[in-house]
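Notes for the one structure printed next.
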Amino acid sequence: MSYPFGAVVGMDDMRLALLLNAVSPAVGGVLVRGEKGTAKSTTVRALAAVLPPVDVVLGCRFACDPAAPDPACPDGPHDPGAPGHTRPARLVELPVGASEDRVVGSLDLERALTEGVKAFEPGLLAAAHRGVLYVDEVNLLHDHLVDLLLDAAALGTAYVEREGVSVRHAARFLLVGTMNPEEGELRPQLLDRFGLTVEVAAPRDPAERAEVVRRRFAYDADPAGFAATWAAEEAGLARRIAEARARLPHVVLSDGALRQVTAVCAAFDVDGLRADLVTARAAIAHAAWCGRDEVTEDDVRVAARLALPHRRRRNPFDAPGLDDDTLEQALQDARPEDDGDPDEGDPDEGDPDDDGGGGGTPPPPSDGGGPDDHSRAEGDGPAPEDGQYRDNGSREAETGQAPERAAVAPADPFRARRLEVPGIGAGVAGRRSRARGDRGRVVGATRPTGAVTRLHLTGTVLAAAPHQVARGRTGPGLRIAREDLRQATLEGREGNLVLFVVDASGSMGSRARMAAVKGAVLSLLLDAYQRRDKVGLVTFRGTAAELALPPTWSVEAAAARLTELPTGGRTPLAAGLLRAHDTLRVERVRDPQRRPLLVVVTDGRATGARGGDHLGEARRAAGLLAAGDVTSVVVDCESGPVRLGLAGALGTALGAQTLRLEELAAESLAATVRSVREAA
Ligand SMILES: [Zn+2]
């Protein structure tokens with residue numbers, strides 16, 4: 001018994017976005033962003049109960065509509081008069097750790113080869129057809145699965161192919177993703193593929209909060225009784241959705257309303273025409289939802305608020321939502337009966353992209369960084385001398401920007417050398433360490449342990465050959481039995497979890513040095529992005545270590561945290577290492593196949609309260625990591641004429657390779673640096 005949709009308190013934007021998609025799936029799904037504990041999942045799960053039920057062909061696992069069965073249905077072909085039945089619309093949850101087979105379905109290659117039967121086990125995409133596909137923590141889903149999902153959502157079709165045997169079936173569903181942005185952002189190109197986005201937060205009003213708790217208590221105490229009190233409201237919602245769906249094809253989008261849609265999209269400087277299409281569709285759906293036959297300015301306003309915020313995002317610092325003044329101005333300028341009033345103030349004044357940002361270079365992997373990005377130039381060019389940063393500081397003070405003590409901007413990134421985890425892993429495809437898996441070049445044949453996913457043809461034929469006489473073969477066809485099948489062993493590269501542990505204490509020297517260190521870490525982050533790694537960031541300074549960024553796909557978020565990172569104070573190295581140890585332990589449970597690579601960026605010093613054996617503690621923490629079989633690299637940041645070599649000793653304790661900061665660059669550059677030094 002799920003929580004009633006109508007009983008959800010607040011969350012108005014989220015509920016509206018879901019309802020608009022329920023009315024018109026062409027809107028393209030919803031991404032819901034918000035912190036933990038905001039009832040995001042409860043609200044999504046509640047949606048299924050108010051969706052109109054669907055008619056499906058009896059016995060079809062692909063939910064064919066009896067009125068229009070999918071001609072390509074793997075369970076088909078169905079007769080035009082095939083018996084059907086009515087069942088509720090489904091909500092299918094896609095767990096973050098799902099395998100590709102689980103998502104798209106699996107082909108039984110063994111039966112295809114030995115019995116000549118194309119046996120297909122439907123996956124979650126088939127189950128979600130004509131219903132809702134819900135991904136909680138969509139930002140933690142592997143890129144590869146997100147791509148599969150969004151492709152299916154865009155085409156309305158799922159496609160599976162193994163060794164030339166393929167299956168295709170209809171997969172049209174309302175895609176809903178929820179995420180906590182603190183755990184990492186979605187890649188911008190994926191963000192754009194969700195039709196609508198909403199930000200949710202727990203209600204601030206005490207009365208509203210009390211009502212949330214009251215209803216939750218009532219529901220938990222007696223779910224059935226609670227549902228009964230809301231039954232009429234739920235039935236009303238379901239009816240309204242059904243009516244809006246019926247009305248949808250008749251809603252008119254006039255030229256005037258369309259002009260407003262395009263004007264709004266232009267005002268927010270969104271790329272491509274996708275934004276215009278989604279806004280128009282959402283406006284039409286909203287009109288239908290409100291029982292209107294024509295799109296009004298209000299429909300366009302509502303649609304723009306839901307469809308545009310994520311499309312104008314430039315970098316992770318941008319405030320969410322849309323600037324109201326800009327929106328109103330754009331609507332007014334394009335209003336059919338209005339000639340516009342040029343004296344109404346400067347529309348540029350409220351430009352939401354121009355929020356000052358507070359300094360720092362925007363992360364390079366994002367596609368943003370327009371000419372309006374004043375702060376960008378500061379991070380460009382060679383690492384400046386100390387004095388230049390102070391100049392910057394005072395200039396910022398004069399312009400009223402970033403009054404707080406500015407963090408050091410990273411120096412220019414460079415092409416980093418590939419650091420890798422030794423041995424052969426079994427992680428998902430990437431470009432870092434060697435791995436056996438379902439990708440790469442064929443390196444051998446083995447007896448399959450489960451279903452055959454990549455057939456090794458030569459191995460299979462060789463295994464079958466000695467038995468041909470015994471199996472009574474007389475003609476040309478080879479007689480193949482199940483036990484002959486051989487799975488190809490492939491070797492490619494996997495992505496890893498690169499966890500950075502960055503010393504941000506005062507011991508790291510001048511601001512110029514810190515800029516160089518940040519630049520180096522930024523370079524490694526860029527490298528991680530290209531190699532499809534997950535990244536995380538632990539920092540330590542003052543009295544404690546902090547997990548500044550839990551492991552995430554978002555290199556943008558990591559770069560942002562790095563840029564913002566303040567520096568100074570004591571050097572709790574042991575705390576940093578222990579924090580890394582804990583983080584890796586959690587991550588090993590969550591994603592066991594992904595091998596970690598720990599990159600410790602430090603000069604090896606450890607300080608804290610007087611009298612403590614800080615170096616000893618750090619060595620013990622390092623020993624803990626080494627005992628846990630964690631591959632580490634120490635990036636030695638020590639500079640200056642007198643060198644203590646502490647980073648090298650830490651490297652030994654970690655069983656790590658130790659590289660000097662300058663050695664992180666890809667070979668050619670490192671060689672150049674060395675030769676320049678030697679010449680000097
Ligand atoms: Zn079917």
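Basis for what follows: all heavy atoms, side chains included, without hydrogens, waters or symmetry-related copies. Keep in mind the model is a prediction, meaning the values are calculated, not measured. Counting starts at 1 for both ligands and their atoms, in listed order.
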| Can you list the residues that meet the ring pair (Phe, Tyr, Trp, His ring centres under 6.0 Å) rule with Tyr134, with sequence neighbours excluded? | none
| request: Taking side-chain contact (heavy atoms from CB on, under 4.5 Å) as the test, write out the residues that go with Pro448, two or more places apart. | output: Val452, Gln487
| query | Do Glu587 and Lys534 sit within salt-bridge range, that is, some charged N less than 4.0 Å from a carboxylate O? | reply | yes
Which pairs would a plain distance check flag for residues 48-69, meaning a side-chain donor or acceptor within less than 3.5 Å of a matching protein atom at least two apart in sequence or in another chain?
{"residue": "Asp55", "atom": "OD1", "partner": "Thr86", "partner atom": "OG1", "Å": "2.6"}
{"residue": "Arg61", "atom": "NE", "partner": "Asp75", "partner atom": "OD1", "Å": "3.4"}
{"residue": "Arg61", "atom": "NE", "partner": "Asp75", "partner atom": "OD2", "Å": "3.1"}
{"residue": "Arg61", "atom": "NH1", "partner": "Phe120", "partner atom": "O", "Å": "3.2"}
{"residue": "Arg61", "atom": "NH2", "partner": "Asp75", "partner atom": "OD1", "Å": "3.0"}
{"residue": "Arg61", "atom": "NH2", "partner": "Phe120", "partner atom": "O", "Å": "3.3"}
{"residue": "Asp65", "atom": "OD1", "partner": "Ala67", "partner atom": "N", "Å": "3.0"}

| said: Can you see whether Asp484 engages Thr460 through a side-chain donor-acceptor pair at a distance of less than 3.5 angstrom? | reply: no
| query | Looking only at heavy atoms, which two atoms of Val23 and Leu248 are closest? And how far apart? | reply | O-CD2, 3.7 Å
| query | Closer than 2.8 Å to the Zn ion (ligand 1), how many protein N/O/S atoms do you count? | reply | 4
